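Beneath this line is the structure, given in structure tokens, with notes to follow.
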Amino acid sequence: MEQQIEKLFTWLDETTDMISEEEDVPYLDGLIASSELLFYRDLPEDLESTYYNKLQSQLDMINLSDFEVEVRRKALQLAILKGMKGQTQQHHYITPDTVGMFIGYLVQRFIGDKKEYTLFDPACGTANLLFAVINQQEQKDSLVAYGSEVDPTLIRLAYINTNLQEKQIEYFHQDSLKPILLEPVDVVVSDLPVGYYPDDTTAQAYDLKAEDGHSYSHHLFIEQSLKYTKDGGYLFFVVPSLLFESDQKDQLQSFLKEHAHIVGLLQLPETMFKNENMRKSIFIIQKKGENTRDPKKVMLADLPSFKDAKAMDSVLQQLNQWFKNER
Ligand code: SAM
């Protein structure tokens with residue numbers, strides 16, 4: 001598997017370099033073009049002949065069907081990370097596989113044996129988190145997924161990621177804090193953008209708008225996600241661990257109390273973050289509905305490094321215990 005990933009990554013990387021040099025575009029745009037070439041195998045006729053021949057010989061070297069879908073996902077992810085290095089702001093970083101897989105595990109536990117369900121990520125970026133979750137689900141075939149993202153490059157990467165993995169996800173390229181043409185879903189997962197939301201006019205429609213100045217986008221995202229969740233549906237967010245220590249914590253707390261049940265707060269391993277202030281947690285809530293109630297106990301845990309199998313096992317046992325007590 002490792003060798004296959006390396007082979008596909010090298011092909012993507014070389015082809016991307018050729019395209020970005022020739023067309024004078026950033027690496028990530030070149031990567032979109034090289035991935036599309038790999039998928040559609042369609043070269044525009046009007047290319048200058050040396051460039052056309054170079055790309056044609058790249059194409060002759062590769063066949064997408066020789067690579068398993070997981071290999072495709074990993075190779076593309078490596079290339080995306082290379083393209084993001086040093087030039088993208090931190091909030092663009094893709095959600096690490098370990099976090100995605102853990103959220104995928106939680107979704108599976110909460111959804112249980114429900115046969116069909118809908119899933120939405122309102123800040124889907126390259127869709128890495130969505131795929132980590134989708135690939136973990138037992139009922140993959142009856143899962144309908146949606147993603148929304150404002151950044152044009154990232155949504156194109158999400159789209160090509162989806163094609164390469166031969167999956168179907170419906171994407172919205174838009175500011176997700178504006179109305180979305182989507183029926184409420186069963187589950188939301190999202191690694192939320194953290195910081196100020198610059199559009200004060202749009203923020204006016206939210207209960208969680210700031211009284212003065214810009215509102216926190218992660219607060220608005222929580223409110224918007226609840227709006228697009230069915231009653232009783234679950235939401236899994238990656239949020240700053242200091243979520244309830246900001247100047248707007250009271251507003252957030254009373255809003256959540258009215259509309260949701262707080263189900264869990266799991267601190268991600270401290271080794272994943274540069275310092276304590278940047279640490280993040282997985283925050284789980286359930287939208288209130290007719291037959292919902294607060295959990296007897298909130299699921300709380302301080303996750304150990306994902307590499308520490310023994311410590312991780314003990315956390316999983318605690319979580320199992322929690323599910324037993326609650327159901
Ligand atoms: N989970 C993603 C992945 O695996 O690639 C990464 C999510 S990243 C932490 C947060 C994303 O939110 C970024 O891709 C950013 O462009 C997007 N974003 C920020 N503000 C947004 C808005 N108002 N509407 C839609 N997307 C937004």
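Not measured: the values here are computed from a predicted model. Numbers for residues simply follow the sequence, beginning at 1. Just follow the structure's listing: the first ligand is 1, and inside any ligand the first atom is 1.
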Self-check item: Contact (N/O only, under 3.5 Å) between Asp175 and ligand 1
Solution: yes
Self-check item: Atoms of ligand 1, numbered as shown, that sit under 4.0 Å from any heavy atom of Asp191
Solution: 1 (N), 7 (C), 8 (S), 9 (C), 10 (C)
Quiz item: Would Lys227 and Asp207 count as a salt bridge (Lys or Arg N to Asp or Glu O under 4.0 Å) if you check the C-alpha gap in whole Å, the side-chain angles of each, and the deciding distance to 0.1 Å?
Solution: CA-CA 12 Å; Lys227 189 167 171 191; Asp207 287 358; over 6 Å; no
Exercise. With heavy atoms of Leu129 as the reference, note each atom of ligand 1 found under 4.0 Å away.
Key: 1 (N), 4 (O)
Quiz item: Taking distance alone, with no angle check, do Thr95 and ligand 1 share an N/O pair under 3.5 Å?
Solution: yes
Quiz prompt | Residue list, salt bridge (Lys or Arg N to Asp or Glu O under 4.0 Å) with Lys74, at least two apart or on another chain | solution = Glu70
Quiz item: Which of the atoms of ligand 1 are close to Gln174, meaning less than 4.0 Å from one of its heavy atoms?
Solution: 24 (N), 25 (C)
Practice problem: Within a distance under 4.0 Å of any heavy atom of Pro193, pick out the atoms of ligand 1 and give their elements. | Solution: 12 (O), 18 (N), 19 (C), 20 (N)
Quiz item: Under 6.0 Å between ring centres, would you say that holds for Phe110 and Phe323?
Solution: yes
Quiz item: Which one of Phe172, Tyr197, Phe221 has a non-hydrogen atom at the shortest distance from atom 22 (C) of ligand 1?
Solution: Phe221
Quiz item: Should Lys178 and Asp199 count as an ion pair when the cut-off is N to O under 4.0 Å?
Solution: yes
Quiz item: Hey, are the side chains of Tyr27 and Asp13 touching, using non-hydrogen atoms and a 4.5 Å cut-off?
Solution: yes
Quiz item: Below 4.5 Å, heavy atoms only, C-beta onward: do Thr98 and Phe102 meet side chain to side chain?
Solution: no
Quiz item: So which bit of Leu154 gets within less than 4.0 Å of ligand 1, heavy atoms only: side chain, backbone, both or neither?
Solution: side chain
Quiz item: So, for Val25 and Ser20, which heavy atoms are closest and what is the spacing to 0.1 Å?
Solution: O-CB, 2.9 Å
Exercise. For Ile94, take its heavy atoms, then give the atoms of ligand 1 lying under 4.0 Å from any of them.
Key: 3 (C), 5 (O)
Quiz item: Does a donor on one side chain sit under 3.5 Å from an acceptor on the other, for Asp200 and Gln204?
Solution: no
Quiz item: Taking N or O atoms only and a 3.5 Å limit, does Ser176 qualify as a polar contact for ligand 1?
Solution: yes
Quiz item: For ligand 1, is Cys124 a contact, meaning one of its heavy atoms is under 4.0 Å away?
Solution: yes
